[in-house]
Amino acid sequence: MLGLIAYVDTFTGGPIEPRAYAYGLLVALGPLVATVGDVHTFNIGWVLATKMRAYLTHAVSEKALTLDAAATDQTVGQMSNLLSVDANNVVQFCPFASWLWLEGVQLLGTLGVLYYIQGVAAMGGLAVCLLAFPLNAVVLRWIEVLQERLMKQKDARMALVSEAVTAIRTVKLNGWEPEFEGRIAKLRAQEVRTLLRLQKLEAITSTMWLTTPTIAAVASFLIKSLWLGESISAAEGFTSLTLFQLLSVSLNFLPDVINMAIQANVGLRRVSRFLNLPDVDGRAPPEALRMPPGAAAIRNGSFQWKQPPPSEQKAKSMSSIWCCWQAAAAADDDDSEAPNENSKPNRDGAAGGEDEAGLGVEPLVIHGGGPRKFGVDLLEAARSGGEGVAGVEEGSAPPIEGYTATAAPSGGFQLRGVDLHLAPNKLTVVYGPTGSGKSTLLSALLGDCPATAGAVAMNGRASYCPQKAWVANATLRDNVLFGQPFEQNRYDQVIEACALRSDIAQLPKGDLTEIGERGVNLSGGQQQRVNLARACYSRASIVILDDVLSAVDAHVGAHIFERCILGWLGGRTRVLVSHAVALTMARADSVVVVKLGRVVAQGPPTSTHPEIMSLASFSPSSSPVVPRRTLPSASPAAKTAPVPSGGAPSAAIVSTAAASSGTAAATSINSGTAGGKIIKKEERAKGAAKLKIYVVYLRAAGGLWFALGFCLLLAVYSSLNPVQSVALKQWMQEMEVEGAPISSGRVLRACGLYVAAACGFVFITLCRNVLLPYASVRASRGLHGGMMHAVLRARISWFEATPVGRILNRFSSDISAIDQKVAYQFKDTIGTLFNCLSIALVCFLGSSELASQLVVLAAVASAWVISYAVFRQYRIAARELKRLESVTKSPLLAFFSEMISGAAVVRAFGDETRTLDLADTKVNDANRTLYYLWCTNQWLRISMNAIGSLVTTAVVATVLWQGAQLNGGDAGLTLSYATQFTQAIMWLFRIYTQLEVSMNDVERVDEYTSTLPTEQYDASPHYAGAEATKEANHPSGAHRAAALSSSWPADGAIEFRNVRLQYASANEPVFSSLSFRVAPRQRVGVVGRTGAGKSSLTVALFRAVELSGGSITIDGIDHRHVDLGRLRRSLSIIQQEPVLFQGTVRYNMAPVGKHTDEELWHALERAGLAPKIRSLVGGLAFEVAEGGSNFSAGERQLLCMARALLRRTSVLVMDEATASVDHATDARIQEMVKRDFRGNTTVFTVAHRLNTVVFYDRILMLSQGSVLEYAPPLELLTTAEGAFRKLAEESGDLEGLMQAARESAADTGVVVEQNSSWISVD
């Protein structure tokens, strides 16, 4: 350009020299050649990026499968962030990594050429650049610190979002949506404050980088003209200006590249820290213990769960906790010295009665010379729902009576002194009270619990059923096969043995029906049986079963034990943890008793060991154990209606056990046809983002007026560049005037105008960059808040059909893009548009002749038309590829979350390789669309550069054509802007496409905000059915809603009248016309075979699904006339699956509302958990891990019970709340129900165990969604051929149940009368 401008400046006419054509060709085509080189460099970066993404995903997934979950506080949300945010930051940096040194080389080269042109004056510009670097370095260090803090805050927010979404049923049924929304909003507010500070610092660095070339140019020109007293020619001035503008482009992108490098560095450090977390120890090789095939053993083993390191916040609070500990310890001593006579503490210090075998223990007395750190602490065996153990002294197991233990000085949770041998092909049953360490023992066998002494080994492959069933989001058949080849005969036999035949027959697509995430369309019993079928289908020689009988009805459990555990698995080594002593002990080959973290007894059921003898004498009716050959088998299955799991609406068909023991598997399982999906494919919008989406974002960012004002600011910003150039041309022309001194007034005025334009540019740039972060943060905060509000109020059925990973993807990747990209792409698009217009205007006006102007105008118009045509083709592909990229990320995150929750099962089966292959397949799908998207971007870049070269060529041609008429200033101004047109038009369409692509993130967030099916929170909602609608709109209903008192419901009188309930995905209603009445403060036990509709009562009562007919009144008020949040907060529920949240014990007991410590301790005392909580560091301030994993399953249930007691509502629903606890804990809960709920609370209890409800006021017997029997228990038990009596007979404890019913009737003064209940069944 320097040569071309100099040639034009001295050209006076005649033929054009060849060198001028050479100069013009280089100016026109040089940028295109450079772009081709850049594209090849970028392509290498894209390939590296896809490989990095695949490697990081594989490494994180592989680590997640071997991670010792107990040794870290990593949550599912935090681990998902590693893939969705940190790995993505690394991927985005890879293509730009070369820019870190290429831009440095270009910077040095540009400064070198400037020195060649301007001489010593170029040192002024160099000094400005050198001064900017250290200032930016300081700011970038602050940015790196804030970036680390921002990622930690994102982790905290995502952990809470993940927790809320995962436990959404508990959140909704308790009416806690506002509380969780508030907690997430607080975390989001902290994140947004850090984000604003970060973006303001980035605005400062961006301003410095953007204005550095302008300031450097001013400094160089002022030094050359005013200090050195030299004139600046047009060739020197505009060539220097072009170089400074190129320098501006380099420095404009350098902050973004450095920022990406910082984010990538932070991401790599976070991934590295995760990869360095401790792994599970695994098992020793079988040769170490010289075992026969199929055997397993623990030799002198001691096991201790590792502790996660305390966070900074926890570490700061440890001193205050320590100060309070001695007082808490003293209170614990008082409790130990004066225990309740009816409740002796179990191994964790929690009050309780005798366990199922009468294994009562005396209180543990903690002694020691110094301040005491811990009492008897417990830890959950595994994230999959195991139980913890007590920390006790080493050595052989001492007598339980009068036993004194010393707390472990490190506060560890331990299982000690274990010697265990599992003989090949034998059944070993492990018994013990809740929290005694049974699940920890199984985890030790699997190698998941770290061994501090001794050795663990298995000689053979293992299969494992955890206490909390794990079901993958796949078809039922795939869940059973678990990667094994399909064998029809073997498969049929396994299904029959696990009592799944009738369940599969009633599923929409047979065993090809898709199982939703977390098994949402299966009941708890069905999930457990699918897990059992998986273990049975495996050819593993060792089968480990953790309490698989607790989640099923008694007759189903008998079928499974007889047909599956004793039958199909009869030739394998089996380890079964169970509370069903009467069912299992007589059939066991070996019995293991665990107490207080020790194996206190092991031997055959006929052993004379006191502990085993006490077990052998135990049964609910104090009768001997059922003999081996007379065990009753399951009764034939009955046809049932669709019933969801735990009261959740779904399309699942829940049925009883399969055929009776005399029925053989004569036919193959109904495989159905492909389909039966419950998880809907993620919707992907098509076409360009609608104008509505842009309006949504602009309103969230500050409104349309703010947007117009900011556009005006951008127009001023873009106009100041050509103003500077025109002022510089005027200044140079004044200096070239013959005889005009450098210091003359005209020259100084022209110089002042140029300096003023430069200062205005710096000021406007600063204003633009500082204002933008406020708009960006405001928009992202509003969009996140609106989406969170909508998601928390969506219907439960929507959560069942939507994977957690898909939801988390919106809150992580999409929100992250809105946080950091959309506002800046808006700014760049509008700014580049104004820049293109100003460049075209300068090129047009820079020609002195009309013909030349028309040529330039034609070239510019042609470039615009051709560019738009190319852009239309590009944006269609890029937009759809971006949507595909967003959609392909969700399955990856969903699979990753699912894999984490089932890591223990995958490890036990040895299925890591197949699982990682599945993860690799999903990341390849995501990488494919991402790479194609990048390729389309580079195609656009080359195409736009080729089109831009058309305009540059036209301008060069007109300059040579008018060489004799143009002066150097006009030629320099026109050429300097013509070279910018190529980059400007390319960036305009590219950035606009990026904006359009990024609006997909806004579109996806707005989809959740505005289109989710929400629950009907308002009173008197519209519901289906003419009669129901008429009733809902009746004036009396509105009057009742308006007159609702603050104490409602005071009495707890409930009436179901002609209730019709139908799930959206079911063909038939669960209840067609269900009617019954519950008197105030009555206790009602709800029983029936699996699929009878028991849990659907909870669905109807809590309005999880709106009624399609009839009504439910509570204290005379139709519950549909009550605000949904008020309704649910006025009722209490204890679900079958206990749910705890990450936070303190105090928070878990009272997530909503404030309660005094006295009230909290009183509730814990009533639940029998107070001694346990007192033994923990901090007591009520003890931190509960994600999912309550540092509590045993029984302790989690007791804590949920204490939570319900604290609410003090007049209606309590217990939905199979004691299914996973031992008989001792169950007995304590039932004693509490007898003592605390009689005459003051209406209690609904859905029960598997009849002894838990036989003392209730009434029994509600359901069958196929209808009331079969409804009367006092004694009346039903004395009714010959009655349905309830048949259930009692099948339980094997009819006499015991009769005795308990008689005692309860005598205690309450109930007189048995026939037909004493009010029932209406259609």
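Only this structure's heavy atoms are used, side chains among them; waters, hydrogens and symmetry mates stay out. We're numbering straight along the sequence, starting at 1.
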Q: Going through the distances and angles, do R1207 and N174 end up as a side-chain hydrogen bond (donor to acceptor under 3.5 Å, both in side chains)?
A: CA-CA 10 Å; R1207 296 184 70 176; N174 286 279; 2.4 Å; yes
Q: At their closest point, which heavy atom of L173 faces which heavy atom of R1128, and how far apart are they?
A: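 Scanning both residues completely, I find the closest heavy atoms to be O-CB, 3.6 Å.
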Q: Would you please test Q1082 and F1244 for side chain to side chain contact (heavy atoms under 4.5 Å, CB included) and show each step?
A: CA-CA 9 Å; Q1082 266 193 343; F1244 263 104; over 6 Å; no
Q: For a 4.5 angstrom cut-off between non-hydrogen side-chain atoms, does T170 reach W176?
A: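 Sidechains of W176 and T170: in contact.
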Q: Using only atom types and a distance under 3.5 Å, with no angle test, would you say the side chain of D1006 pairs donor to acceptor with the backbone of T1009?
A: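 Checked: no pair found.
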Q: Considering all heavy atoms of both residues, which atom of A1100 and which atom of L1107 are nearest to each other, and what is their separation?
A: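 That would be CB-CD2, 3.9 Å.
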Q: Can you confirm whether R1203 sits close enough to N1148 that some side-chain heavy atom of one is under 4.5 Å from a side-chain heavy atom of the other?
A: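 SC-SC contact between R1203 and N1148 confirmed.
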Q: Under the side chain to side chain contact (heavy atoms under 4.5 Å, CB included) criterion, do I807 and Y1008 qualify, and how do the steps go?
A: CA-CA 9 Å; I807 300 173; Y1008 273 19; 4.2 Å; yes
Q: Can you list everything that forms a salt bridge (charged side-chain N to carboxylate O under 4.0 Å, His left out) with R1081? Sequence neighbours excluded, please.
A: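 Testing R1081 for salt bridge (charged side-chain N to carboxylate O under 4.0 Å, His left out), a comparison that skips the adjacent residues, returns D1051.
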Q: What orientation do H784 and F811 show, parallel under 30°, tilted 30 to 60°, or perpendicular over 60°?
A: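 Because their plane-to-plane angle is over 60°, the rings of H784 and F811 count as perpendicular.
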Q: Atom CG in L1097, atom CZ in F1056: separation rounded to 0.5 Å?
A: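 Going from the CG atom of L1097 to the CZ atom of F1056 covers 5.0 Å.
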Q: Could you grab the distance from atom CG of L476 to atom CD1 of I515, nearest 0.5 Å is fine?
A: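 The CG atom of L476 sits 4.5 Å away from the CD1 atom of I515.
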Q: Taking V171's backbone N and O only, do any of them form a donor-acceptor pair with E179's side chain (distance below 3.5 Å, no angle check)?
A: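 Pair absent, no side-chain N/O of E179 close to backbone of V171.
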Q: Locate the shortest heavy-atom distance separating L500 from Q526; write the atom from each residue and the value.
A: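 For L500 versus Q526, the nearest heavy atoms are CD2-O, 4.4 Å.
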Q: Tell me which one of K172, R795, R1103 satisfies side chain to side chain donor-acceptor pair (under 3.5 Å) with E1015.
A: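 Among the candidates, only K172 passes.
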Q: Show the nearest heavy-atom pair for residues V1211 and T1241, with the distance to one decimal.
A: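 Residues V1211 and T1241, closest heavy atoms: N-CG2, 4.3 Å.
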Q: Output, in order, the C-alpha distance, side-chain angles, deciding distance and verdict of side chain to side chain contact (heavy atoms under 4.5 Å, CB included) for F1102 and V1213.
A: CA-CA 10 Å; F1102 283 81; V1213 178; 3.9 Å; yes
Q: Nearest heavy-atom pair of L1061 and S1096: which atoms, and what distance?
A: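 Closest heavy-atom pair between L1061 and S1096: CD2-O, 3.8 Å.
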Q: Test your reading of the model: is there a side-chain donor-acceptor pair from E1269 to the backbone of F1284, 3.5 Å cut-off?
A: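 Yes, E1269 side chain to F1284 backbone: donor-acceptor pair under 3.5 Å.
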Q: Hey, could you give me the CD1/NE2 distance between I1112 and H1119, rounded to the nearest 0.5 Å?
A: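 Spacing of CD1 (I1112) from NE2 (H1119) equals 4.0 Å.
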Q: Is V1122 close to W1048 at the side-chain level, that is, under 4.5 Å between some pair of heavy atoms?
A: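 Yes, their side chains come closer than 4.5 Å.
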Q: Can you list the steps and then say if W470 with S901 is a side-chain hydrogen bond (donor to acceptor under 3.5 Å, both in side chains)?
A: CA-CA 8 Å; W470 177 71; S901 63; 3.2 Å; yes
Q: Nearest 0.5 angstrom please: S1072 OG to Q1062 CD, how far?
A: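 It comes to 8.5 Å.
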Q: Are the side chains of D503 and R529 in touch, meaning some heavy atoms are under 4.5 Å apart?
A: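 In short, these two side chains touch, coming nearer than 4.5 Å.
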Q: Quick check against the 3.5 Å criterion: does T802 have a side-chain atom that pairs as donor or acceptor with the backbone of F799?
A: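 No: the side chain of T802 does not pair with the backbone of F799.
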Q: A side-chain contact here means heavy atoms from C-beta on lying under 4.5 Å apart; do E514 and N473 qualify?
A: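 Yes, their side chains come closer than 4.5 Å.
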Q: Is a side-chain N or O of S1132 found less than 3.5 angstrom from the main chain of L1212, in a donor-acceptor match?
A: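 Side chain of S1132 to backbone of L1212: no pair is present.
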Q: Going by heavy atoms in the side chains, are V1099 and F1071 under 4.5 Å from each other?
A: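 A side-chain contact is absent here, since even the closest heavy-atom pair is not under 4.5 Å.
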Q: For the side chain of T1245 and the backbone of G1085, is there at least one donor-acceptor N/O pair under 3.5 Å apart?
A: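 Checking the backbone N and O of G1085 against the side chain of T1245, no donor-acceptor pair under 3.5 Å is found.
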Q: Are the side chain of N479 and the backbone N or O of A472 linked by a donor-acceptor pair below 3.5 Å?
A: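 Judged by distance alone, yes, a pair lies under 3.5 Å.
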Q: Indicate yes or no for a side-chain donor-acceptor contact from R810 to the backbone of R1004 under 3.5 Å, with no hydrogens or angles considered.
A: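 Yes; judged by distance alone, with no hydrogens or angles, the pair exists.
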Q: State, yes or no, whether a side-chain contact exists between I168 and L792 at a heavy-atom distance under 4.5 Å.
A: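 Sidechains of L792 and I168: in contact.
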Q: Looking at CD1 of I184 and CE of M788, how far apart are the two atoms once the value is rounded to the nearest 0.5 Å?
A: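 So the gap between those two atoms works out to 4.0 Å.
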Q: Run Q1016 and L1124 through side chain to side chain contact (heavy atoms under 4.5 Å, CB included) and show every step you take.
A: CA-CA 7 Å; Q1016 300 172 346; L1124 186 59; 5.8 Å; no
Q: Quick check for you: to the nearest 0.5 Å, what is the distance between K468 atom NZ and Q528 atom CD?
A: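 Rounded to the nearest 0.5 Å, the NZ-CD separation comes out at 12.0 Å.
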Q: Can F1141 and F180 be said to form a ring-ring contact (aromatic ring centres under 6.0 Å, His included), step by step?
A: CA-CA 11 Å; F1141 304 101; F180 272 84; 4.9 Å; yes
Q: Before accepting this row, confirm whether a basic side-chain N of the pair E181/R793 lies closer than 4.0 Å to the acidic partner's carboxylate O.
A: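 Judged by the 4.0 Å cut-off on N to carboxylate O distance, E181 and R793 do form a salt bridge.
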Q: Taking M158's backbone N and O only, do any of them form a donor-acceptor pair with S162's side chain (distance below 3.5 Å, no angle check)?
A: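 Not at all, since once roles are kept as given, no pair shorter than 3.5 Å links the two residues.
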Q: Is it the case that T475 and D478 place a side-chain donor and acceptor less than 3.5 Å from each other?
A: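 Side-chain D/A pair, T475 to D478: present.
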Q: Just checking, R1258 and Y1270: is the charged tip under 6.0 Å from the six-membered ring centre and within 45° of the axis?
A: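 Because its charged atom sits under 6.0 Å from the ring centre and within 45° of the axis, R1258 does stack over Y1270.
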Q: Between the side chain of N1058 and the main-chain N/O of S1073, is any donor-acceptor distance below 3.5 Å?
A: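 Not at all, since once roles are kept as given, no pair shorter than 3.5 Å links the two residues.
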Q: Please give me the minimum heavy-atom distance between G1052 and D1115, naming the atom from each residue.
A: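 Answer, listing the atom of G1052 first, then D1115: N-OD1, 2.9 Å.
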Q: Check whether any side-chain heavy atom of P466 lies under 4.5 Å from a side-chain heavy atom of N531, and answer yes or no.
A: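 Heavy-atom side-chain distance check passes, below 4.5 Å.
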